[in-house]
Protein chains: 2
Amino acid sequence: MSLLNPKKELEREALITNLLKEKGLSITAPRKLILGLLLKEHGPFSAEEILHSLPKNSCDQATIYRCLNQFVEVQLVNTSFLEKDMAHFEYNDPHHHHHHIICRICKKIESFHECLMEKIETNLQRKGYKDIQHRLEFFAVCETCAKG
Amino acid sequence: MSLLNPKKELEREALITNLLKEKGLSITAPRKLILGLLLKEHGPFSAEEILHSLPKNSCDQATIYRCLNQFVEVQLVNTSFLEKDMAHFEYNDPHHHHHHIICRICKKIESFHECLMEKIETNLQRKGYKDIQHRLEFFAVCETCAKG
DNA sequence: ACTATTTTTGCAAATTACTTGCAAATCAAA
DNA sequence: TTTGATTTGCAAGTAATTTGCAAAAATAGT
């Protein structure tokens, strides 16, 4: 824990605890660690990155996956599939809706906040990105499943 | 091969062959089968679905993956990650740019052609979809990599 | 607080989409 | 058709993610 600002740390603790409670998840050490990391640093992170960012042996990788999946279920966290064989996870902050761009070569990930595609592409071009493609997918519950 | 319309079949053959040639890929039986399927039916298909749609033993699964990856490289085919542990593939028809919606429960995939998000979401709501989320990601070559 | 009940965790093994090494088959160029 | 390069099939390998199970921790009731 940070020795520099114990008050802020307490606030963070309370925030994490509240978020978990609101979503009906019990308060456990691994869940606080993982959610705490996602709140402090703004990802997206792979499960492996999370594992290595947390204190050694503080949390098993199976637990990390299980917690992340639960967080995604209750929409506390978003998943992206920026690389094909590895998911990335990020705190789902409703006030900071944004999207990602990944370099096809070096895999560096950046975020941006515009939300109209032509505008976004123009801005990306100005930033020097070449050969831009996008992928937009919607996820929802269809009429049949909503009734069943 | 279809006995109903041999002329159309020949045209299709020629189209497939031309597409492969244009992209600098040699003409092989598996490549023709896979691309042919993607041209005839409009996916997206998983590799497994492609395997089972082709005539028994006409093509190994390793070959299917290799061909699909080559098609993606030359931008003849697009990939989506609609389900988290399985890629879907679709012919990249520049005249029919579109996006997908997948039901979070039954995994049924539909396509639509609008390209502004609010409009899309409104239309999806009219179709009865609930709890709509979207995921938009850009892929490009960053300035550093373009120079290096 | 204490205990009982439920939930969660850690570990190790399993799963599964996807990839790869290699010898045999097929393709393309001349 | 022959020659050399590319591609294929097969079987084994890889790596992210999941799962079974017993032990540990969290919650609810008293």
Side-chain angles (χ1 to χ4, degrees), chain A residues 13 16-37 43-74 76-89 107, chain B residues 13 16-37 43-74 76-77 79-89 102 107:
Chain A
E13 271 275 324
I16 293 166
T17 303
N18 283 342
L19 283 170
L20 291 173
K21 278 205 181 123
E22 272 168 27
K23 299 296 188 175
L25 296 170
S26 56
I27 316 298
T28 68
R31 295 217 258 243
K32 286 199 289 186
L33 282 170
I34 296 165
L35 185 54
L37 174 66
F45 298 116
S46 65
E48 206 205 355
E49 287 168 335
I50 294 172
L51 178 62
H52 290 111
S53 300
L54 297 180
K56 286 265 169 227
N57 304 322
S58 62
C59 185
D60 189 79
Q61 58 149 276
T63 303
I64 290 180
Y65 281 108
R66 278 188 283 230
C67 291
L68 287 171
N69 287 339
Q70 290 156 344
F71 293 167
V72 170
E73 255 173 57
V74 300
L76 206 51
V77 159
N78 287 325
T79 323
S80 332
F81 293 93
L82 293 154
E83 292 186 64
K84 87 170 132 193
D85 51 5
M86 199 162 45
H88 284 81
F89 302 88
K107 311 294 182 192
Chain B
E13 270 276 324
I16 292 166
T17 302
N18 282 342
L19 282 171
L20 290 173
K21 277 203 180 125
E22 272 168 28
K23 298 297 190 175
L25 296 171
S26 56
I27 317 297
T28 70
R31 294 217 259 242
K32 287 199 288 188
L33 281 169
I34 296 164
L35 186 54
L37 174 65
F45 298 116
S46 65
E48 206 204 355
E49 287 168 335
I50 294 173
L51 179 62
H52 290 111
S53 300
L54 296 181
K56 284 265 168 225
N57 303 323
S58 62
C59 186
D60 189 79
Q61 62 147 275
T63 304
I64 290 180
Y65 280 110
R66 277 187 283 230
C67 290
L68 287 171
N69 287 339
Q70 290 156 344
F71 293 167
V72 170
E73 255 173 58
V74 300
L76 205 53
V77 159
T79 321
S80 332
F81 293 92
L82 293 154
E83 292 187 64
K84 83 171 135 195
D85 51 5
M86 199 162 45
H88 284 80
F89 302 89
I102 182 168
K107 310 294 180 192

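Here the structure is a predicted model, which means the values were calculated and not measured. All chains are named by letter (A, B, ...) in the order of the sequence lines, taking the proteins before the strands, and each is independently numbered beginning at 1.
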Task: Between P of C:dC18 and CZ of B:Phe71, the distance in whole Å - done: 16 Å

Open item on the list: Is B:Asn69 close enough to C:dC18 that one of its side-chain N or O atoms is under 4.0 Å from OP1 or OP2 there?
Closed with: no

Task: chain A footprint on DNA chain D, 5' to 3' - any atom under 4.0 Å from a heavy atom - done: D:dA16 to D:dT27

Open item on the list: According to salt bridge (Lys or Arg N to Asp or Glu O under 4.0 Å), does anything in residues 54-71 of chain B pair up with another residue at least two apart or in another chain? List the pairs.
Closed with: none

- [ ] Report the residues that fulfil side chain to side chain contact (heavy atoms under 4.5 Å, CB included) with B:Gln61, sequence neighbours left out, ordered by chain and then residue number.
- [x] B:Leu51, B:Tyr65

Distances under 3.5 Å between nitrogen or oxygen atoms of protein and nucleotides 26-30 of chain C:
residue : atom : partner : partner atom : Å
C:dA28  : OP1  : B:Ile27 : N            : 3.0

Task: For A:Met86 against A:Ser46, the heavy-atom pair lying closest together - done: SD-CB, 3.8 Å

TODO: Sort and list the pairs that fulfil salt bridge (Lys or Arg N to Asp or Glu O under 4.0 Å) and have at least one residue in residues 19-37 of chain B, not counting sequence neighbours.
DONE: B:Glu13-B:Lys32

Task: Min side-chain heavy-atom separation A:Ser26-A:Thr28 under 4.5 Å - done: yes

TODO: Check DNA chain D against residues 56-67 of chain A and give the residues with a non-hydrogen atom under 4.0 Å, in numerical order.
DONE: A:Gln61, A:Ala62, A:Tyr65, A:Arg66

Open item on the list: In whole Å, I'd like the distance from the CG atom of A:Asp85 to the P atom of C:dT20.
Closed with: 10 Å

Task: Closest contact, heavy atoms only, A:Pro44 versus A:Glu49 - done: O-OE1, 4.0 Å

TODO: Using side-chain hydrogen bond (donor to acceptor under 3.5 Å, both in side chains) as the criterion, list what pairs up with B:Asn69, not counting sequence neighbours.
DONE: none

- [ ] Under the side chain to side chain contact (heavy atoms under 4.5 Å, CB included) rule, collect the residues that match up with B:Thr79, sequence neighbours excluded.
- [x] A:Arg135, B:Val72, B:Phe81, B:Ala87, B:Phe89

Task: Nearest-angstrom distance from the residue atom CE of A:Met86 to C1' of C:dA17 - done: 15 Å

Open item on the list: Quick check on the helix from C:dA1-D:dT30 to C:dA30-D:dT1: what's the angle between its two end axes, five base pairs per end, to the nearest 10°?
Closed with: 50°

Open item on the list: The criterion is side chain to side chain contact (heavy atoms under 4.5 Å, CB included); which residues satisfy it with B:Ile50, sequence neighbours excluded?
Closed with: B:Ile34, B:Leu37, B:Leu38, B:Phe45, B:Leu54, B:Ile64, B:Leu68

TODO: Rounded to the nearest 0.5 Å, what's the gap from CD on A:Gln70 to CG on A:Leu35? Could you check?
DONE: 12.0 Å

TODO: Calculate the interatomic distance between A:Ile34 atom CD1 and C:dT9 atom C1'; express it in whole Å.
DONE: 11 Å

Open item on the list: Nearest 0.5 angstrom please: B:Leu20 CG to B:Ile27 CD1, how far?
Closed with: 4.5 Å

